[in-house]
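Here the structure is a predicted model, which is why all the values come from computation and not from measurement.
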Amino acid sequence: MTTTVARLLAQKEALLARLEEQPGDSERALIEATLAKIDTALNLLDSAGPGEPT
């Protein structure tokens, strides 16, 4: 699960950096939707607690 969390956090960081570059409205909406999905996934993983190492 750690690699999943690391991958999600890296993707989130990249998307936040892209938002700082002032993308167009449609790209901004897509980025914000993807960030919401990432946050949901991270919250679900956090609530699941530690699991078996992958």
Side-chain angles (χ1 to χ4, degrees):
M1 182 165 27
T2 303
T3 55
T4 301
V5 172
R7 183 180 54 79
L8 288 169
L9 289 174
Q11 186 178 8
K12 181 176 180 176
E13 185 177 321
L15 290 170
L16 290 172
R18 179 64 188 119
L19 277 179
E20 291 178 5
E21 297 172 4
Q22 301 298 316
D25 291 339
S26 61
E27 186 178 359
R28 173 177 288 279
L30 180 61
I31 291 170
E32 289 174 348
T34 305
L35 285 169
K37 289 178 184 179
I38 290 171
D39 285 339
T40 299
L42 288 169
N43 288 335
L44 288 171
L45 289 170
D46 186 46
S47 66
E52 301 271 334
T54 54

Of all pairs that satisfy salt bridge (Lys or Arg N to Asp or Glu O under 4.0 Å), the ones with a partner from residues 5-18, not counting sequence neighbours: Lys12-Asp39, Arg18-Glu21, Arg18-Glu27

Can you list every pair that meets salt bridge (Lys or Arg N to Asp or Glu O under 4.0 Å) and has a residue in residues 28-37, with sequence neighbours left out?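 Sorted pair list: Arg28-Glu32.
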
Across all chains, not counting sequence neighbours, the side chain to side chain contact (heavy atoms under 4.5 Å, CB included) partners of Leu9 are Val5, Leu42

With hydrophobic residues grouped by side-chain heavy-atom distances under 4.5 Å, do Leu16 and Ile38 end up in a single group?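 Yes, because Leu16 and Ile38 connect within a single hydrophobic cluster, where side-chain heavy atoms sit under 4.5 Å apart.
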
For Ile31 versus Leu15, what's the shortest heavy-atom pair and its separation?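 Here Ile31 and Leu15 meet closest at CG2-O, 3.8 Å.
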
